[in-house]
Structures are given as C-alpha cells and as structure tokens.
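Heavy atoms only: backbone and side chains are in, while hydrogens, waters and symmetry mates are out. Quick caveat, the model's predicted, so the values are computed rather than measured. Letters go in sequence order (proteins before strands), and every chain restarts at 1.
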Amino acid sequence: MRRRRATERRALPRPFFDRPVLTVARDLLGRTLVRRTRSGEVAGRIVEVEAYGGPTDAASHARPGRTARNATMFGPPGHAYVYFTYGMHYCLNVVTGPHGRAAAVLIRALAPERGLELARARRGGVPDERLMRGPGCVAQALGLDRADDGTDLTRGPLWLEAGAPHRDGRATARGPRIGIRVAVERRWRFWLAGDPAVSGSKRAAAVGHRPRSRPATRRSRLTLA
DNA sequence: GAGAAGATTATCT
DNA sequence: GATAATCTTCTCC
C-alpha cells in the first residue's frame, strides 16, 4: 500500500499539464519519461520537444477539428496522444490544457537513462546515441503503439517522473519545427542546446532554417509523370 | 470507393 | 541532398 502510494507520487500531477502548451513544452525538457511493460522498464530524459495546437496552428492535427484519430488531443490534459504516420512510425505527444483546447507536445528525442538493453532490442541494434533520437525512434524504443493512445500519464504504465528537471547545465534552445510545410514561421521547437541526443540536422538548429520541399510520393510521382 | 497526404527514418550517392 | 518504404486517415466525388 505504502509502496503503491510512493509510486503514484513519482508521476507529475495533472496541474503540470493543465497549462499553456508552450509553457509545458519548455518545462518538459530535462524530465524523465518512463515506460513500464512486462518486458521491463525503459526511461529517458526529454531533450527535444515541439508544441502543437491552439486555434491558429495550421500544422496541428487538431486544426481540421475533432476526428477519431485526434480525439485524445481534445480530451483532458496529462494523457498520451499516440498516432501512426508514414505507414511505419508512431509518435508520442503529451496532451496539455486547458481541456478542449486540443494542444499537445510532441516528444522528439530522449537521452537514454534506464532499460538500455530492452531499448536496444526494440531498436534492432542501432548505436546507443540513436536509440531515442527522433519521434519515431522514441516510440519504438519505448514500445509504444496506437494502443497506448489515451494513456493517463499521471498513473502509468507510462509516466513522467516528478521532481526537478535535470538539464545538465544546458541552456534551452528554440527554433522552427521540423518536418512540416505550414506554419513554419513558428519557433515552437525546444531542445537542450548541445545535447547529443537531439534530432534534426545542424541546419535545423540554425535560426531561420526552412524545411526542404516535400519529396514526391509514389502516387504524386505517377501523377506528375 | 479512390486518391492524396503525412509532426519519419534509413540508406544511398 | 534525394529517395524508398509503408499504411492509416481524411477528403472528395
């Protein structure tokens, strides 16, 4: 009983998430994300995030309105929004408040902390520095899929550890988001400057970078041909 | 029902 | 820097 209560106290409480998305995004840096399954526990320190949401963010999944896919974004803060993209990758978001605002923070990269053996097994033997670098890699290393959509982050088995963030003395950097074609002028990506686990190219870290033009898909290539 | 796009990643040149 | 892989979700007719 006592032990269970201690476990519950380890998670960040709901009010942490019930704040504006940019505030939560910055505040997530340096905090430890934990995923527990029957196979074991994997944990990493958040070193890179992106904020999405609000009524004017054209890049947000919530922009077109509520659908079956993005419903979790419209729910209460402190839950995991996990979606599937590009036919092979899952991405993890933290839903922020207030309720109904449909905002979330994409977890782009973690610095591995615990459960490296399990993470390595899930990632198929990539070098350790690439275990959790990039949103698709984060989800794979943690063993997340669409079934984890809607998970309450204040109760586990996926949670954020309470306490002060550990930023290793690194400053918070800010810049444009990666991989989107609209609303690229918004500097809603935050990361710990100089951390080797941060994703993206050096160019992406530079001020004023613009994402490359979208590569033609198989279908669009056929259309163009 | 068909077509198009996608908050990515790994690999090749 | 360019491109393939892969499939869910959404929009449009």
Are A:His61 and A:Tyr52 near enough that their ring centres are under 6.0 Å apart?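 Between A:Tyr52 and A:His61, which both carry aromatic rings, the centre distance is not below 6.0 Å.
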
Look up atom CD1 in A:Ile46 and atom OG1 in A:Thr32, then write down how far apart they are to the nearest 0.5 Å.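 Here the interatomic distance stands at 8.0 Å.
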
Using both distances under 3.5 Å as the test, list the Watson-Crick or G-U wobble partner of B:dT13, or none.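 Partner of B:dT13: none.
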
Interatomic spacing from CG in A:Asp149 to CG in A:Asn70 - rounded to 0.5 Å: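 If we round to the nearest 0.5 Å, A:Asp149:CG and A:Asn70:CG are 9.5 Å apart.
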
OH of A:Tyr81 versus C1' of B:dG6: gap in Å, rounded?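 Taking atom C1' of B:dG6 as the reference, OH of A:Tyr81 is at 11 Å.
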
For A:Arg63, answer base if it contacts any base atom (sugar-phosphate contacts may also be present), sugar-phosphate if it contacts only those atoms, and nothing otherwise; contact means non-hydrogen atoms under 4.0 Å.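 It contacts nothing in the nucleic acid.
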
Between B:dT8 (C1') and A:Gln140 (CD): distance, integer Å: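 From A:Gln140 CD to B:dT8 C1': 11 Å.
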
Shortest side-chain distance from A:Phe84, nucleotide among C:dT11, C:dT9, C:dC7: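 Of the options given, the side chain of A:Phe84 lies nearest C:dC7.
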
Rounded to whole Å, how long is the line connecting atom CZ of A:Arg177 with atom P of B:dA7?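 Rounded to whole Å, this separation is 11 Å.
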
Taking NE2 from A:His61 and P from B:dG6, how many angstroms apart are they, rounded to a whole number?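 It is 9 Å, rounded to the nearest whole Å.
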
For C:dT6, the Watson-Crick or wobble partner whose two distances fall under 3.5 Å: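 No nucleotide pairs with C:dT6.
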
Which nucleotide in the set C:dT11, B:dA10, B:dT8 lies at the smallest distance from any side-chain heavy atom of A:Thr85?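 Side chain of A:Thr85 sits closest to B:dT8.
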
Ignoring the backbone of A:Pro135, work out which of C:dC7, C:dT9, B:dT8 is nearest its side chain.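 For A:Pro135, the side-chain atoms sit closest to B:dT8.
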
Distance in angstrom units between A:Tyr86 OH and B:dT11 C1', rounded: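 Atom-to-atom, A:Tyr86 to B:dT11, this comes out as 17 Å.
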
Got a second to check how far A:Arg123's CZ is from A:Met132's CE, nearest 0.5 Å?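 Answer for the CZ-CE pair, A:Arg123 versus A:Met132, is 9.5 Å.
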
Proximity to the side chain of A:Thr67 - top-ranked nucleotide from C:dT9, C:dC10, C:dC7: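 Out of C:dT9, C:dC10, C:dC7, the nucleotide with an atom closest to A:Thr67's side chain is C:dC10.
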
Just checking A:Tyr52: base, sugar-phosphate only, or nothing, at a heavy-atom cut-off of under 4.0 Å?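 Touches a base.
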
Just N and O in the side chain of A:Arg123: are any of them under 4.0 Å from OP1 or OP2 of B:dA10?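 Answer is yes, contact under 4.0 Å.
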
Starting the side chain at C-beta, find the nucleotide from B:dA7, B:dA10, B:dG6 nearest to A:Arg130.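 Of the candidates, B:dA10 comes closest.
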
Nearest 0.5 Å, what's the CH2-CD distance between A:Trp191 and A:Glu50?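 The distance works out to 9.5 Å.
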
Let me know the distance between CD1 of A:Ile180 and P of B:dG6, rounded to the nearest Å.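 Distance check: A:Ile180 CD1 to B:dG6 P gives 11 Å.
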
Would you mind reporting whether A:Arg122 and A:Val42 have side-chain heavy atoms less than 4.5 Å apart?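 In short, these two side chains touch, coming nearer than 4.5 Å.
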
Look at the side chain of A:Tyr83 against the base of B:dA7 and say whether a donor-acceptor pair falls under 3.5 Å; ignore hydrogens and angles.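 Side chain to base: pair found, below 3.5 Å.
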
Which of these nucleotides, B:dA7, B:dT8, B:dA10, is closest to any side-chain atom of A:Ser60?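 Among B:dA7, B:dT8, B:dA10, the one nearest the side chain of A:Ser60 is B:dA7.
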
Could you tell me the separation between the CD1 atom of A:Ile178 and the P atom of B:dT8, rounded to a whole number of Å?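 Value for this atom pair: 8 Å.
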
Atom-pair distance (CZ on A:Arg181; C1' on B:dA5), nearest Å: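 These atoms are roughly 7 Å apart.
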
A:Arg108 side-chain N/O to B:dT8 phosphate OP1/OP2 under 4.0 Å: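 Answer yes for this pair, as a side-chain N or O of A:Arg108 is under 4.0 Å from OP1 or OP2.
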
